[in-house]
Every structure is written in C-alpha cells, then in structure tokens.
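First up is the structure itself, then whatever we jot down about it.
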Protein chains: 4
Amino acid sequence: MPETPTAARRSERSRAAILAATAELIREVSYAKLGIEAIAARAGVGKQTIYRWWPSKGAVVFDAMLESDSGPEGPALPDTGDIAADLRQLLRGSVVALTDPGFESFLRAMYIEIQQDAELGAAYRERLLLPQRAAVADRLAAAVAAGEVRADLDLELAIDLLLGPVQMRWSLGLGGLTEDYADAALDAALAYLRA
Amino acid sequence: MPETPTAARRSERSRAAILAATAELIREVSYAKLGIEAIAARAGVGKQTIYRWWPSKGAVVFDAMLESDSGPEGPALPDTGDIAADLRQLLRGSVVALTDPGFESFLRAMYIEIQQDAELGAAYRERLLLPQRAAVADRLAAAVAAGEVRADLDLELAIDLLLGPVQMRWSLGLGGLTEDYADAALDAALAYLRA
Amino acid sequence: MPETPTAARRSERSRAAILAATAELIREVSYAKLGIEAIAARAGVGKQTIYRWWPSKGAVVFDAMLESDSGPEGPALPDTGDIAADLRQLLRGSVVALTDPGFESFLRAMYIEIQQDAELGAAYRERLLLPQRAAVADRLAAAVAAGEVRADLDLELAIDLLLGPVQMRWSLGLGGLTEDYADAALDAALAYLRA
Amino acid sequence: MPETPTAARRSERSRAAILAATAELIREVSYAKLGIEAIAARAGVGKQTIYRWWPSKGAVVFDAMLESDSGPEGPALPDTGDIAADLRQLLRGSVVALTDPGFESFLRAMYIEIQQDAELGAAYRERLLLPQRAAVADRLAAAVAAGEVRADLDLELAIDLLLGPVQMRWSLGLGGLTEDYADAALDAALAYLRA
DNA sequence: TATTAAACGAGACGGTACGTCGGGTCTTCGG
DNA sequence: CCGAAGACCCGACGTACCGTCTCGTTTAATA
C-alpha cells in the first residue's frame, strides 16, 4: 500500500493515455465541462489511476500541455545580433501561439487555474513562465552589453513592456492579435529600450 | 406567460440581498466553491429567484461587482493639463484596485469567466473595459492636441502599453505591483508617447 | 458501462440500511411526505445509491415491507381438518394485521401505489397477493375433497366473499374491524360455501 | 379583509372552469402528476382562486367528481319487489361504473386520498359512501319486511358481503370485473341473505 | 349610477424535494 | 497483485411545484 505511489511501478501506458485523452477533450469541450470521469473514460483508465498521480484537474491539464506537440516554444531565443529582429520573432511567435486553436485551449485553462489554485500557479510560473522570461532577459542583457539598447535598462520592466500588450489583449478577449500588431507593439517598446 | 420575467414585478429587496450575499461570499470562498445555493441561502432567497433573473453564476458575480462599493473607479480621468501626472494617477489607481482584497476577488472571478463564457466576456468588455479605455483614449487625444505627446500617436496601442504591464503581472501572479512599479511602467511608456 | 448495475458489487450494508430507514420513516410520517432524501439521510447513504437500485419510492417501500418483521404472515394456512376453524384463524389474522400500526402503514402505502403504478401493482399481486390467495384456494380445495363444503365451489369467488368484506371496510376507512366482525363475516360466507 | 371568503361574490365561471379542467386533466395524467398549477393554467385561473375555495388537491378532485357527468349513480335503488333483481342491477351498475374510464380515474384518486387524508376520507364517506349504503340498507330492510330474506339479517354485514368482492377485485387490480362476475357474486351473497 | 371592496388573473416569492451529475474514496474482480 | 471498473458518500446542480404574497383589473353589491 504505497502511501506515496511508487513511481517505479507506474504504468507508462496509462500515463500517456490520460494525457492524450486530456489533450483531445480540452479541444472538444469547455474547460469547465472537462471532468476527471470523462478523461478516465476516454483514456480507458480507472479514475483512481488519475487521482493517484495528479492532485487536481488543473495538474493533469498542465502536464498534458507540457506533453503536447502544441506546447509553447522552448525558452531559447535566437541571437542574430540584431535585438529588434530577435524580439520581432518573439512577439510574432507569441501572437501565433496565442491564436493557435490547439494551444489556446490549454492556455485558457491554465489562466483559469492560475486565478484559483496558488500551488498550480507557482508551478506554472516556475516551469514555464520564468524560464521564458529568463531567456528574454538574457537576450536583452546581451543587447545591453552590445550597446544596442540603453545601458540602464530595467530588464524585468522591459519584458513587461514587450509582452504585456499582447498578453492583455489576449486574456481580455480584445482581439486584434495580428503580426502587424506584434510589430507595432515592438516598435513602441523599443522607444523605451533605446531611449 | 413571461418567457422573460416581468421586470416590473421584480423584488428590489431580493435583488439587493442576492448581490450583497454574493459580494460577501466571494471574499470568503474561492470562486469555484461559490455556489448558487450558498448565495440563495445567505440572501434568504429561493434559488429560483436567482435563476429567474440571471443566466449564470458569472452574471450574478458581474452584477454584484458593478453594485459593490469596491467597484472600479468610474471611467473619468482627471485632466490637470499634465498628461504624465494624470496617467500616474491612473496607473497608481490600477495598482491599488488590483491589490484591494475586496475588488481583487471579483476581478479574478471575472477573469475566469471571460476565458469560458463568450457572452459574459462581451458584456464585461462593453460595460466596463471599453468605457475605461475610451476615457483614457480621450485624455490621450487631448494630450495630442495640446502637443504634450507625439502627434502620430496610436491611441489603442498607447493604452495597451500603459496598462499591459500592470495587467500582465497581476493576472499571471508575478507580484511586484507597487506604486513604484506603476511609476516605472509609466516612465517607460512615456518614452513611446513622447518619442 | 453498467446500464443495469452489477448486482454482484452491491453493498449489502447500504441495502439493509435503506430498507430499515424506510421502515422507520413510514411510521413517522405520512407516505406522501416520505421522501427519497429523507430515506437516504436516515440510512446514511447517498441518494444515488437508492436511485441506482430502485426505480421509484414505491418500489423501495415494497421491498422494505417484504423485509420487515411486520411482514404479512406467510402464505401457508393451517389445515386442522376443520375448514371453519381454519378460515376463522385466517380472517381474525387479517383483522389483526390490518389494524397493526406497523403493518398498516406499509399496506396503505402499497394501496396508494397500486392505484397509480401498474408495474408495482403487478409486482404486488405476484409476490404477495396471488400466493396468499393460492394458499386459501388450496385449503378450500381440500375442504371440497373432504366434503366439508359444496362440491361445485367457485374457489376464486369464495375467496372474494371471505376476504372482500374485511378488505373493503379497511380500505374505505369504515371501521368496525374487530374479531367479532371477522367471525360474523366468516359465518355469512360459510352460508355460501356450505349451501 | 374577509377571513372566510364571501361565497356571494364567488365567480361561478371560475368554479366551473376549475372543476372542468380537473376532470379533463385527471384522465390525461396520473393523479400524482396532477398539480394545482396545471389545473389553474388549464382553467385560465389564478392559483389563489383555487386555494381560496378548496383546502387541498383532493378536495378539488372530489368536487370535480361530484360535478362530473360521470358521477356515480344516485343513492336511490329500484324497488321492483324482487330483491334479487334489484341487487343484480346494483352490482351490475357497480361493475359498469368501476370500469368506466372517466369515472375510474376519479375513484382511484379518491382511494389514494382516503388512505392519506382523514378529513377528506370522512367527507367521502358522508357525502357518497354512507348514503349509498343507506339506500341499500333501506332496500334490504324492505326485503326483510316482505319476507324475501331472513328475518335476522345484519344489514351492514349484508352490504359488505354484496359489495366487498367487487370492490376488492377493483381496488387490488385483480381484474375479472364483468357482469357475469357481478351475478355470481350476488348469487353467493344471496346464500347468506336467504339462509 | 357611482363607489368601493371583494374576488379575480397573473405571477414573483421563499421553500422543499426532485432526479442527475460529477468529485474524490473505497472495494471487487479479472488478467 | 496491479489496475479497470465501478459502487459508494456527498453535495451542488437546475427544475418543478408548493402555498403565500403582492400586484393591477374586473365585477357586483351597496350607497
């Protein structure tokens, strides 16, 4: 009777089936209507097998997102030596990802959970958000060193200025998330970066 | 045969009690655990009286937020003639509102619903979000006319740049929402406004 | 996918608790006020456990009656060789049973359901009524063979004549159900049996 | 503020509509599903108008039965001088009435209520049952006087013996309620009457 | 004939129970 | 002996009616 389940005995088949079923279902039904029972049934798995390995629905969805092909781009940013070009790719990539139907379902689900579940929110930040921001920070630091941007740049604030506009429009359903918008937002932010 | 019930016969007492009970409960329990039955019980009202007038839990919470004392500041912005000072007040006010425990509960709830309920999302934008943005746009337009900011300013983008950073940090739980941060974000955005 | 749930997995503990709770409650409240929720609560059981195994309130009460100690006497009739004495015991037993507070509650409930639910009515007849009548018919047939009663006796009609008066007074609330009445009704019926 | 509503102002139109709607509905739905709201809606009447004049659903149904064309035969029995012929008409009439679809619905409803509502049960006995039995008793008393039946006849018991078999078969759903059965039951009872 | 108080149609209200759904736990049984 | 299957307790869901309580609107007995 394993108090903490023994990872060694875990069935890889079940784990994969659960995450795959979750990825399928999240595109078919709203996150609120996505239930553990439905996941278990779709995966051909007992409910207990889910509860044994994940603490909540949000945690399953989080893992399913990480597993998914539609997962977000890795934390690396290109360094072509041209900070503007590199950031343009970042912002355009964000717009594309946020409007990709497969990925958007996952991300809306994560947004919902982040508002409610502090633990999952922390996991989301540590596993996804902060690494991404660190990558951008690194690239910006290189740009500072190269003299492409102002020397006294506040890296955190710069990231917020770059990503905030796109993120806000997406999370509030304001629309207008095109690559043109990404370019315009970048230009506006560059005004500060280069001030 | 009231397909839509007759508003004339509606009990103001019940309406107020429901919204007040909702405002109380949303601070006591998480939004996911907030149920119609609990609202009805707290308000001393039959469940049907809620279902008769609101289509969903989110709609009740929305109305409760509008009714609440902790409601967001009205859409008006001061016009002191100094655009930087006026925007500073806006951003600081945003930080204060977003960290006020009473208001934050409502807003997190709205964020959750916006991700799921398109209709409620549209109502939220039309009733709250767009009027606020329009007020800021008006103030910015006045600043353009006064020559305080660049003549070719993209008003929508300017608003995104001003509010996006604060909004993103709040909605992703990144913390750091102080008045100092508000000032720093304003300064950064002003680099674009005045470019 | 248990369209019909698997009886093998059924919890005997729950089944017994439900029927016991029903037997208790039916004496405390009128049948109309007896609700599934109250039974579930008294039995310490989820409502679904009742709905899973019984199609209606009436079916639960029927099973509870069968299970109850206060259940009706078994279908066997004594055969002392004296048909009048044996029938006297039958009729007196009926009067006693119909005026026993514990049993009467159950029987009134069954009467109500029989008027409304054809399926339950059929079950009641097959499980209780017809076996009892068959036992009486057997005893009467023996009396015919022994020459105690007329040779051309109509067994069904004889049973109706014996039991009808008592049953009618009880079901219409006419009162007067004493052992003396049982004896008088028997004597009257015997006039036909022996004609 | 009329504690007891003034019968003088009562709307005959409403009263008739309510009883007519009840008579219609009782044939369309089971008695358990017959609701005050449905009666009010069908009658084009406010619910309060029903509650003002009747204490319960059963009381409405009772009045509707009395009002109905399908009402039971009046309490008078023919007196042709031949007690057997007169009782044959009584029993055949009972069988016909109990198998008339219109009347049967009402009577099943009354049976249900009698089991539950003592007050309504008393009203049913006083208004319908006992007058009918008194009429039969009168006819039997005349037969005693005429020397057609035994001098020491117990009138109550005789009525029970005559009507009990038919009533029991009907109320228990045993079937077999034909005019032939009525004749057979009469012959059996006559064995006692004439003993 | 005009007044006026009631009964009326309508239906919102506070409740109670319904029958269903799904959550998270516990038990059984087959591979 | 693991894990799928699923029964269990629980609690909320959204619905249906209950019986009560306003609302205006007829309507019929007075004044």
Between [X] and [N], is there a contact of a side-chain N or O with OP1 or OP2 at under 4.0 Å?
{"X": "S14(B)", "N": "dG14(E)", "answer": "yes"}
{"X": "T49(C)", "N": "dC9(F)", "answer": "yes"}
{"X": "R10(C)", "N": "dA7(F)", "answer": "no"}

Without decimals, in angstroms, what is the distance between [X] [atom1] and [N] [atom2]?
{"X": "R42(A)", "N": "dA5(F)", "atom1": "CZ", "atom2": "C1'", "result": "18 Å"}
{"X": "R15(C)", "N": "dA7(F)", "atom1": "CZ", "atom2": "P", "result": "17 Å"}
{"X": "W53(A)", "N": "dA4(F)", "atom1": "CH2", "atom2": "P", "result": "12 Å"}
{"X": "I50(D)", "N": "dG11(E)", "atom1": "CD1", "atom2": "P", "result": "15 Å"}
{"X": "R13(D)", "N": "dT26(F)", "atom1": "CZ", "atom2": "C1'", "result": "12 Å"}
{"X": "E12(D)", "N": "dT27(F)", "atom1": "CD", "atom2": "C1'", "result": "15 Å"}

Exercise for the section: Applying side-chain contact (heavy atoms from CB on, under 4.5 Å), name anything that partners R15(A), two or more places apart in sequence or on another chain. Expected result: R10(A), E12(A), L19(A), W54(A), E67(A)
Name the pairs: protein N/O against N/O of nucleotides 29-31 of chain E, kept only if under 3.5 Å.
none

Exercise for the section: May I have the step-by-step check of side-chain contact (heavy atoms from CB on, under 4.5 Å) for I18(A) and D63(A), ending in yes or no? Expected result: CA-CA 10 Å; I18(A) 289 164; D63(A) 277 7; over 6 Å; no
Determine whether a donor-acceptor pair (N or O, by modelled atom type, separation under 3.5 Å) exists between the side chain of [X] and the backbone of [Y].
{"X": "Q115(B)", "Y": "A109(A)", "result": "no"}
{"X": "K47(A)", "Y": "A40(A)", "result": "no"}
{"X": "R108(A)", "Y": "Q116(B)", "result": "no"}
{"X": "S68(B)", "Y": "A64(B)", "result": "no"}

Exercise for the section: Evaluate whether atom CD of E28(B) has more than 12 neighbouring non-hydrogen atoms of other residues, nucleotides or ligands under 6.0 angstrom away. Expected result: yes
Problem - E24(B), CD atom: more than 12 neighbouring heavy atoms under 6.0 Å - result: yes
Practice task
Using a heavy-atom cut-off of under 4.0 Å over every strand shown, decide if W54(A) touches base, sugar-phosphate, or nothing.
Solution key: nothing
Completion exercise
For K57(B) and Y31(B), the nearest pair of non-hydrogen atoms, with its separation, is NZ-O, 3.0 Å
Practice task
List the protein contact pattern of nucleotides 11-21 of chain F with one symbol per nucleotide (5' to 3'): B for base contact, S for sugar-phosphate-only contact, - for none; contact means a heavy-atom distance under 4.0 Å.
Solution key: -BBBBBSBBBB
